[in-house]
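Data first, discussion second: the structure below is written as structure tokens.
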Amino acid sequence: MDPSEVEFLAEKELVKIIPNFSLDKIYLIGGDIGPFNPGMPVEVPVWLALNLKQRQKCRIVQPDWMDVAKLEEIRELERKEATFTPVPSLYYMELTKLLLNHASDNIPKADEIRTLVKDIWDTRIAKLRLSADSFISQQEAHAKLDNLTLMEINTTRSFLLNSLNCMYKLRSNLQPGSSTGKAQDY
Amino acid sequence: MPCERKPMRYGHSEGQTDVCFDDAGKYVVTCGSDGDVRIWEGLDDDDPKSISVGEKAYSFALKNGKLVTATANNTVQIHTFPEGEPDGILTRFTTHATHVTYNSSGSRVAAGSSDFMVKIVEVSDSSQQKTLRGHTAPVLSVSFDPKDELLASASCDGSVVVWEIEEQTQVISWPLLQKSNDVVNSKSLCRLAWQPRVAKLLAVPVETTVQLYQRDSWALVSTLSEDFGTQAINVVAWSPCGKFLATGSIGGLLTVWDVESKLCVERQKHEKGYTVCGLAWHPSGTQIAYTDTEGCLGLLDGLSSSSSPIVAAKSAKPAPASYDDLFDDNDNDRPMDEGVSETGSPTKNPDALDDEDDDDLVPATGRARNRSAFLDDENSLDTGSLKLGLDKLGDYDDDAGSAIVAPVVPPPLRPVYEGPMPTTPQKAFQSGSTPAHLMHRFMMWNSVGIVRGYNDDRDNAIDVEFHDTAVHHAMHLTNSLGHTLADLSHEAVLLACPGTDELASKLQCLHFSSWDTSKEWMVDLPSGEDARALCLGLGWAAVATSTLMLRLFSIGGVQRELFSLPGPVVSMAGHGEQLLIVYHRGTGFDGDQALGVQLLQFGRKRQQVIHGEPLPLSRKSHLSWLGFTAEGTPCFIDSEGVVRLLNRSLGNTWTPACNTRDHCKGKSDHYWVVGVHENPQQLRCIPCKGSRYPPTLPRPAVAVLPFKLPLCQTTTEKGQMEEQYWRSVLLQNHFGFLSSSGYEIDEEGQSQAQKEQQELLMKMFALSCKLEREFRCVELAELMTQNVVTLAIRYASRSRRMVLAQRLSELALEKAGQLQGEGPEEEEEPLQYTRRNPGIQKKSQDTEVHGEEEEEEDEGHGIQMDEGDAAESRRQRLNPFAKGSPASPEKPSPKPVIKEGRVNPFKLSGGTGRSSIGGQPRTTNVLDSMTSSSRKPTVLMGSSISGGKPSKTAVLKPLTPRPRSKTQSTLLHMSASKEPCKKPAEERESSVDRLKPTEEPLPIASPADNVENTKPKTGFQLWLEENRKLILADNPDLDETDVIKEAMGRFRILSADDRLSWTERAKGDAVDVKKRKRAEESQKSGPNDSEENSAKKQKPSDTSAKLSAFAFNKN
């Protein structure tokens, strides 16, 4: 899966905007949106919010969790816990990137938020690498990881699968015996 | 003799301060948290000498030209006095010292510290230290015994300890104080004091009292307390003679006691009521210097010299001793004495005066307190009390004033005015603005946009931003005139600034919607007249000024009418042609504001709608928002958060419609309202956490609150429905107002609201029925419209409440009669709007074919709905209906009879015997359709709004035909009111003609409806028609509801392509369908089928369907 595809999926998340135009409800396949009243917050999908924002038709209201204090709390928790902690949004990374890239003027302390989210991301990815490492070094057959987001899984998927395959090949070559016997092990 | 309270001087920055006199009494010395020690040559000294001793000075002591200070660098330092040269460090602590003091000779210094220790150091040799350990919390204060043997200390651990200095042991410890963890958290500084010279007594301030302990026996000798002292005493200080004790309290009360007699001889209040934290007697005993926590220095002067009390004490020693015992009880046990004595004393007055002239002592005259209280009354002329013998007293005071001995110094027991206190009138404000003193503020936030004002070092500017950028682009203005008031409308921005010495108050209008090139005008108000409030309406602007004048301008800048206001304006609001003014009607008392309100209407007939009636605010609150709802109903919000709307249908009363404080999470949270909308019911506001006003940054987000009338028992079903009903009635008032003042109204919304009300009434009716409250039922029925009453009658008769049904039918007749009579008059009574019956026509139609058909159709949809989502509600309500269903009771009105024989268009192939099951569902369906439709008002609203293009939605959603038909069915009694919409030309005609024109459009309207309804609208319906038989064959015992359910299930199983094809077919016109059906029919044979066919043919025998079928048959 391409990161851009994950991002595409994230764009269906809802976000609040404050439109500066007036429009009746619009009926889309994915659901009804609106009505739009100038000055009144309304929930729309991210893709629409960004589109409207680019046309300067709205201001984006940051999601609740996109707040320095809350993110700091999450970061501390993430650093403290050995396992993955629940994230504020399943698309936190994508949303942060999208919203901050396109609407940083509507989000106070955008830079701090960016740093914090990056910190959280780094911590989680480090954990992910660590667990992958122990997974491989202990030669486990399966492992369970909770609270991972799609993007995080996606970053490690191709590499992990490929390397597991490679290692499997190497190991099966190392040990004398038929490949069928190996297959039974796994 | 009262002392003189000198005005206070600013000495130090805010924080802990201390004060003392130098040995000679020449200087007053103070220290404060700014780290300076100041030496004042007197209170009038404008240039006190400052010695900087450290970052902060907590306490200091002065004796023999040596100044000892406790500073923030954890040391106790010595400076020379008055030169201020540093003279070394006396001792150190691990944290800062809290109190330092000299012994009487000045040879030793004691210091208490926050590290729980007390140290005693020889001034001459700082290596000679004694440390007293034992406190378990920071030490509050220390005090040397004048005989230099003992030391008393108080600590935050709540104890007061007397130490033996040489042995460094505790002599005694009393747990007297409230515990705390630090000096700053302690309630009182608890400065202890030993009686000078004799060293007999130790004074300990304990809460509001001072306790005196006897040396050696350590018994509590006496307690000095005031009956009305409510504030903890912070500091005590003995007069140099040891006879008087001065106390200073947290609340700024300074009291001087005669310790011997335990009388309060002097009482002064700190002029601002700040906490007194330093107190010192002048060596002569005539002055007391004090400092407060705000860093100010004050002086009480003119206290009687220490010599005279001594003389007096000497001469009167024997007498007071005995009298003291006498009075003890009185003083301690009779707090009520004050009041009694105040009135009683004048009669005793001459005696008292005589006594004093004879140079007798106060205690000897008895009731000393009373008398001194009385004397004080006379001396303090400002109290203005008039009493017997005033003149005489005045004379007496003049000649003998200074001669009076100290104990006579009257304690200031002033007659306090205890009646209602006037409230300071609230200042004028613009609703939707934040306070003017803020650097960044909202000057206006309303439904049009936001005006922000910036006033900091860099910028003095105004930003105007519109919610809807289609109105105008954002503007940035430099605020060179210093505007403080602003209003914003779709046409213009109005700004005003207060006048200065040189410049007059100005009004500036940015008329951006002007079609010419000059978009701005400015007007100077006459000199001395300041703009206080302003507002914009449609085509006009209004300014209320400080001269109680209201000036009207046209939006282009033409001066129009002006008139005087009855009081200073508080706020104004404009909407369309209405102007709402709130002003001060008079002085409010006890925190209430006395506000009056005027509502004016310009436009064609100019009139005053509300003539300065009182504005009903909550108790002890002020106005915080004033304005109109988006629909034009006046509305205001007070500081308690209660939103009140004008109820025009109830004689312009104000109805509380919401309390924003109910929605607040925290106590200090508020909602800052920016707009009120009646349709939809919304209160738009900004949640402010921990404040009343939102900050400009980060940009606050608007939240929406619902309305809720504060009706009783809204937790019960009944209360809930009542609340909903009356809320709907209240918020629907604007329709009547708008239509009466010639505006277009949202007919859809109006009928929606009326329908909702009728539904609620019907639900309440059903509830009351269930609870056997028939009288209440009738009362509810009185609120219903004619045709809902008919429903109610049917309901009543079905549930075998014949008495009720009888009464209701009478009521229905009465209503019908009223309508007939009212019709012609309706024109003259524009305010009748609230009860305009949408179903008036129903009755007249009933005899006609079309009317019947329409109802029939409604029934059909009712059933369909019933089958759908009302199924569960029917189960709940089955009982009342079930009662009525088996028997068909006597029909109170002819209408049900007609309906009885109705057929259901959806039961085309209902082979299972329509008549047998038809009865029961139908009885239920009418009501069920109401309940279920109201259960999903959102769906309803959405679909009815989009009603303009119904076919489109139907095609888009082939699987959900229900919302569509539900709209139809819930329009049950709306059909009549819909007709006027369709014939707007006839709409405005008088209601006399109403009956006629509505009959006419019916044939036009109903065919259209019928075509829509009878023609299977969706693929599913088509499919159902074809497959009903199949389903029935499979499950012969299914009833109507289950058939549909089953059918739904099957239809969903179909492949997408199949479904699509059905949808496609549905799109085809009705004729297509008909054709296909006929083909099907022809395939069928047998007598049963033909019978059914005939029934079927009758089924869609709506005029239009018939016609269309006929037309195509011809071909």
Side-chain angles (χ1 to χ4, degrees), chain A residues 14-44 49 51-72 99-100 102-114 116, chain B residues 432 442 444-451 464-474 488 490 630 673-677 679-680 682-687 689 695-705 748 938-939 941-950 952-957 960 963:
Chain A
L14 293 181
V15 69
K16 249 188 208 160
I17 61 162
I18 297 175
N20 58 18
F21 60 95
S22 165
L23 188 72
D24 259 350
K25 229 175 182 175
I26 48 177
Y27 303 97
L28 303 176
I29 297 173
D32 301 348
I33 298 170
F36 298 89
N37 289 315
M40 288 300 294
V42 60
E43 284 215 326
V44 299
N51 184 287
L52 290 173
K53 174 70 192 169
Q54 279 167 346
R55 291 192 283 154
Q56 300 191 331
K57 291 281 186 194
C58 75
R59 283 188 305 114
I60 293 177
V61 180
Q62 57 186 341
D64 284 338
W65 55 266
M66 209 181 274
D67 172 78
V68 172
K70 278 185 190 149
L71 287 174
E72 266 171 0
L99 297 185
L100 291 184
H102 292 96
S104 55
D105 50 333
N106 295 151
I107 296 170
K109 298 186 179 169
D111 290 340
E112 277 182 57
I113 288 171
R114 204 191 293 269
L116 280 168
Chain B
F442 291 111
M444 175 58 63
W445 184 322
N446 60 19
S447 56
V448 180
I450 303 169
V451 182
V464 184
E465 191 184 306
F466 296 88
H467 292 317
D468 193 343
T469 42
V471 177
H472 197 262
H473 57 78
L488 181 65
H490 283 284
V673 177
V674 294
V676 183
H677 289 243
N679 184 26
Q682 285 181 337
L683 192 66
R684 298 182 179 178
C685 40
I686 295 168
K689 209 163 186 187
T696 52
L697 281 173
R699 208 186 149 104
V702 178
V704 170
L705 294 183
E748 193 100 38
T938 46
V939 177
M941 207 129 79
S943 52
S944 67
I945 285 167
S946 64
K949 5 171 184 164
K952 212 168 157 193
T953 50
V955 172
L956 267 175
K957 302 174 186 171
T960 51

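Chain identifiers are assigned alphabetically (A, B, ...) following the order of the sequence lines, protein sequences preceding nucleic acid strands; residue numbering begins at 1 within each chain.
Looking at A:N37, only its side chain comes within 4.5 Å of chain B, counting heavy atoms on both sides. Neither the backbone nor the side chain of B:V448 comes within less than 4.5 Å of any heavy atom in chain A.
Smallest separation of non-hydrogen atoms from B:D468 and A:N20: OD1-O, 3.1 Å.
Of all the listed residues (A:P35, A:G39, A:P108, A:S22), the one sharing the greatest number of non-hydrogen pairs under 4.5 Å with chain B is A:G39.
Around CG of A:D105, the count of heavy atoms belonging to other residues, nucleotides or ligands within 6.0 Å exceeds 12.
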